[in-house]
2 protein chains.
Amino acid sequence: MDSRIVDARTKIEIYGALSEGQGGLGDCPIRNVVQSIFGKWSSLLMMALAERPYRFGELRRLVPDISQRMLTQTLRDLQRDGYVHREVFPTKPPSVEYSLTDLGRSMFASLHHILLWAETNFEAVRAARTRFDASEG
Amino acid sequence: MDSRIVDARTKIEIYGALSEGQGGLGDCPIRNVVQSIFGKWSSLLMMALAERPYRFGELRRLVPDISQRMLTQTLRDLQRDGYVHREVFPTKPPSVEYSLTDLGRSMFASLHHILLWAETNFEAVRAARTRFDASEG
DNA sequence: CTGTATCCCCTATGATACTG
DNA sequence: CAGTATCATAGGGGATACAG
């Protein structure tokens with residue numbers, strides 16, 4: 001693979017410095033998009049929904065250590081960004097199903113690479129950390 | 001692309017729930033790896049270093065809105081995880097050059113996809129947000 | 001069952017000043 | 001030039017209780 005993967009100056013004008021433009025930093029569009037994807041629970045929920053649609057309670061059981069508050073909020077953010085479709089079934093009591101949109105599937109296809117990478121390489125990273133921590137005193 | 005990209009239950013046992021194992025949550029290895037990659041400044045700095053090595057001050061100018069503290073800290077974290085090599089040149093005053101390691105290049109190759117996706121699709125995401133905000137009152 | 005509403009805390013980040 | 005140290009702060013995130 002070519003090591004000149006990107007032209008850093010060009011990208012960073014978009015991703016980084018360009019943010020000065022209007023009302024300060026958060027205005028850089030790419031940064032905004034990426035940072036909601038990179039949220040603590042986003043990739044985990046996308047991973048689940050990439051397999052099949054899930055109901056709220058199912059997701060809760062699937063990810064036992066997420067709080068109800070963060071599950072609601074993360075799903076809402078994913079829905080807001082257009083990755084997730086929320087459908088309410090008027091059963092009694094009501095049930096709500098979450099599924100990926102086309103945009104969501106497209107996004108996850110790109111997100112997937114780095115998740116796989118982490119799964120494959122976490123031993124190497126752990127080793128690097130151990131080495132670093134040992135050599136610094 | 002196959003929509004069954006992952007087997008959610010399997011992945012989440014690793015990525016999510018498995019964390020119960022030892023001392024609570026942060027123990028899940030994949031989560032640890034991914035969350036340092038997903039830090040606020042990590043991908044931006046990786047993007048820069050993927051182009052060529054940079055000195056500390058160069059990175060500072062390239063990313064004007066990062067604080068010196070966070071630049072130091074993020075580079076240190078990236079170095080600790082084995083993505084970045086730090087080389088000190090005994091000039092006067094000293095200069096320090098940062099470059100990607102092989103592990104770093106490998107990681108960035110996988111991270112790159114989602115960064116590109118964000119660049120390509122931020123208009124669609126912005127549109128989705130606008131729609132969502134309009135329709136909720 | 002699927003959320004909202006509160007309260008609270010802690011960590012990530014920033015601003016500033018100082019040092020080898 | 002390349003950091004470190006210190007202090008301050010905002011907001012992400014958890015726990016709990018309540019509601020439709």
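These values consider heavy atoms only, across backbone and side chains, with no hydrogens, waters or symmetry-generated copies. Labels below follow one simple rule: chain letters A, B, ... track the order of the sequence lines, proteins then strands, and each chain is numbered from 1.
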Calculate the interatomic distance between Phe56(A) atom CZ and dT2(C) atom C1'; express it in whole Å.
6 Å
Give the nucleotide from the list dT2(C), dG14(C), dT4(C) with an atom nearest to the side chain of Arg76(A).
dT4(C)
Choosing from dG14(D), dG3(D), dT2(C), which nucleotide comes nearest the side chain of Val96(B)?
dG3(D)
Examine dG3(D): is either OP1 or OP2 under 4.0 Å from a nitrogen or oxygen in the side chain of Tyr98(B)? Give yes or no.
yes
What I want to check is whether the side chains of Asp77(B) and Ser36(B) have a donor and an acceptor closer together than 3.5 Å.
no
Round to a whole Å and report the spacing from CG of Leu71(A) to P of dG3(C).
8 Å
Rounded to whole Å, CD1 of Ile66(B) lies from C1' of dG3(D) at a distance of 14 Å
By nearest-heavy-atom nucleotide on DNA chain C, the more 5' of Thr74(B) and Gly57(A) is Gly57(A)
On the nucleotide dA2(D), are OP1 or OP2 found under 4.0 Å from the side-chain N or O atoms that Arg60(B) carries?
no
Should we say atom CZ of Arg129(B) is surrounded by more than 12 heavy atoms from elsewhere, each under 6.0 Å from it?
yes
So is Arg52(A) actually on top of Tyr54(A)'s ring, under 6.0 Å and inside 45° of the axis?
yes
Any Lys40(A) side-chain nitrogen or oxygen under 4.0 Å from OP1 or OP2 of dG14(D)
yes
How close or far is atom C1' of dG13(D) from atom CG of Asp77(A), stated in whole angstroms?
13 Å
Taking CG from Leu75(A) and P from dT4(C), how many angstroms apart are they, rounded to a whole number?
11 Å
Without decimals, in angstroms, what is the distance between Asn32(B) CG and dT11(C) C1'?
15 Å
Nucleotides 15-20 of chain D: protein proximity per nucleotide (B base, S sugar-phosphate only, - neither; heavy atom, under 4.0 Å)
B-B---
Is there a side-chain contact between Val96(A) and Phe89(A) in this structure, where contact means two heavy atoms from C-beta onward sitting under 4.5 Å apart?
no
I want to confirm an ordering. Mapping Arg61(B) and Thr72(B) to their closest nucleotides on DNA chain D, which one lands closer to the 5' end?
Arg61(B)
Please state how far atom CE in Met70(B) lies from atom P in dA5(D), giving the value in whole angstrom units.
16 Å
Which residues share a side chain to side chain donor-acceptor pair (under 3.5 Å) with Arg131(A), sequence neighbours left out:
none
State whether Glu123(A) and Arg126(A) are salt-bridged, where the test is any N-O pair (Lys NZ or Arg NE/NH1/NH2 against Asp/Glu carboxylate O) under 4.0 Å.
yes
Testing dG14(C), dG3(D), dT2(C) for proximity to the side chain of Trp41(B), the answer is dG14(C)
Apply salt bridge (Lys or Arg N to Asp or Glu O under 4.0 Å) to residues Asp81(A) and Arg76(A) and explain how you reach the verdict.
CA-CA 9 Å; Asp81(A) 284 7; Arg76(A) 206 174 138 85; over 6 Å; no
Protein-nucleotide distance (Gln35(B), atom CD; dT11(C), atom P), rounded to Å:
14 Å
